[in-house]
Amino acid sequence: MTEMIIETGVQILATLLLTLIGVLGTWLSLKLAKREELKSIADATEEATRAAQLTVMELQQTTVEAMKAASDDGKLSQAEIEQLGALLLEKALDKMSTPAVNLLKGAGVDICGLITGAGEALIGQMKK
């Protein structure tokens, strides 16, 4: 009888231990997945920033100089600045991968704001 109680107790403890290992494994997997998701979001943000910077450089070479040359005072009008902003968004988004765009949208990131901010930052550096 004592042997049977000990055997049942050992089985219960083994079941509890296996359950605990499963719970800890699940918890650890969730933590690792969250960390990987944050890394993926950071990578997608970097992709958007690079796309914006590359697009600013391209527009500078292909469009901005021509617009300034065509202007009487050599400066861009407000309408031209808005047009360049729209071109920046369009061309930068075209350069980004679909998974990166979808990941940023899913994470609630303002992609247009991110691209615009990165572009304006580079323009500010270029003016210095």
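All heavy atoms count here, side chains included; hydrogens, waters and symmetry mates do not.
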Please report the closest heavy-atom contact between [X] and [Y], naming both atoms and the distance.
X: Leu59; Y: Leu84; result: CD1-O, 4.0 Å
X: Ala51; Y: Ala92; result: CB-O, 3.6 Å
X: Leu88; Y: Ala52; result: CD1-O, 3.7 Å
X: Leu122; Y: Gln53; result: CD2-O, 3.4 Å

Drop me the distance from [X]'s [atom1] to [Y]'s [atom2], to the nearest 0.5 angstrom.
X: Asp43; Y: Leu103; atom1: CG; atom2: CG; value: 9.0 Å
X: Met96; Y: Thr49; atom1: CE; atom2: OG1; value: 8.5 Å
X: Ile81; Y: Met67; atom1: CD1; atom2: CE; value: 10.0 Å
X: Lys91; Y: Ile115; atom1: NZ; atom2: CD1; value: 13.0 Å
X: Ile41; Y: Glu36; atom1: CD1; atom2: CD; value: 11.0 Å

Is any side-chain heavy atom of Thr63 less than 4.5 Å from a side-chain heavy atom of Gln83? no
Could you tell me whether the side chain of Val56 reaches within less than 4.5 Å of the side chain of Met126, counting heavy atoms only? yes
Side chain to side chain donor-acceptor pair (under 3.5 Å) involving Ser71 - partner list, sequence neighbours excluded: Asp73
Which residues share a side chain to side chain donor-acceptor pair (under 3.5 Å) with Glu65, sequence neighbours left out: Gln60
Flag yes if Leu89 and Met57 sit in one hydrophobic cluster, no otherwise; membership is Ile, Leu, Val, Met, Phe, Trp, Tyr, and two members link when side-chain heavy atoms are under 4.5 Å apart. yes
Decide whether Leu54 and Ile111 are clustered together by the hydrophobic rule: side chain heavy atoms of Ile, Leu, Val, Met, Phe, Trp, Tyr closer than 4.5 Å, transitively. no
Between the main-chain N or O of Ser77 and the side-chain N or O of Glu80, is there a donor-acceptor pair closer than 3.5 Å? yes
Determine, stepwise, if the pair Leu104 / Glu47 fulfils side-chain contact (heavy atoms from CB on, under 4.5 Å). CA-CA 11 Å; Leu104 290 173; Glu47 182 179 331; over 6 Å; no
Can you confirm whether Lys95 is buried at NZ, in the sense that more than 12 heavy atoms of other residues, nucleotides or ligands lie under 6.0 Å from that atom? yes
